Amino acid sequence: FDKQSGDLVFTTKASGPWQIKGARQRDVVGYLFDQYCQGRRWVRAAEILAAAYSNRPGRSRRIQDIFSGHPTWREFVASKGRGVYGFNLD
């Protein structure tokens, strides 16, 4: 994940890089990336949202609301169920 450009690339995905446009989306993906690098593949949505909204107030209370304008986000972010998210590596 390149935090400057907002590009997220999985070498196992054939769809190409994901250009993340919104600052909030970038915060979510950046947090997931940081957690993954620390050995945590799955993270609770409440924790992700708290990190994404730590510097800016907002309204979204669901991960899918943050990515509502991006039709391919589920290619890169997966839900394990019960409000737990991580990168779609399968």
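Remember, predicted model here, so these are calculated numbers, not experimental data. Side chains are part of it too, since the values below use all heavy atoms of this structure and drop only hydrogens, waters and symmetry mates.
- A 4.5 Å side-chain heavy-atom check between Gln35 and Trp42 finds every atom pair outside the cut-off.
- Sorted by first and then second residue, the salt bridge (Lys or Arg N to Asp or Glu O under 4.0 Å) pairs with a member in residues 63-73 read Arg62-Asp65; sequence neighbours excluded.
- Cluster annotation: Tyr53 and Ile48 are assigned to the same hydrophobic cluster (Ile/Leu/Val/Met/Phe/Trp/Tyr, side-chain heavy-atom contacts under 4.5 Å, transitive).
- Annotation: ring-ring contact (aromatic ring centres under 6.0 Å, His included) contacts of Phe67 (sequence neighbours excluded): Trp18, Trp73.
- Remark: Arg44 engages no residue in a salt bridge (charged side-chain N to carboxylate O under 4.0 Å, His left out) (not counting sequence neighbours).
- Under the rule for a side-chain hydrogen bond (donor to acceptor under 3.5 Å, both in side chains), Ser79 has no partner lying at least two apart in sequence or in another chain.
- Of the inter-residue distances, the one linking Ile63 atom CD1 with Ser68 atom OG reads 12.0 Å to the nearest 0.5 angstrom.
- Placement of Phe33 and Ile66 within a single hydrophobic cluster is found when ILVMFWY residues are connected by side-chain heavy-atom separations under 4.5 Å, directly or transitively.
- No path of Ile, Leu, Val, Met, Phe, Trp and Tyr side chains, each step under 4.5 Å between heavy atoms, connects Val43 with Val84, placing them in separate hydrophobic clusters.
- Remark: Gln25 pairs with no residue by the side-chain hydrogen bond (donor to acceptor under 3.5 Å, both in side chains) rule, at least two apart or across chains.
- When every heavy atom of Asp27 is checked against every heavy atom of Ala52, the shortest pair comes out as OD2-O, 3.4 Å.
- At a threshold of 4.5 Å between non-hydrogen side-chain atoms, the residues Phe76 and Leu32 do not count as touching.
- Contact check for Tyr85 versus Gln64: side-chain heavy atoms found under the 4.5 Å cut-off.
- Under the rule for a side chain to side chain contact (heavy atoms under 4.5 Å, CB included), the partners of Ala51 that lie at least two apart in sequence or sit in another chain are Tyr31.
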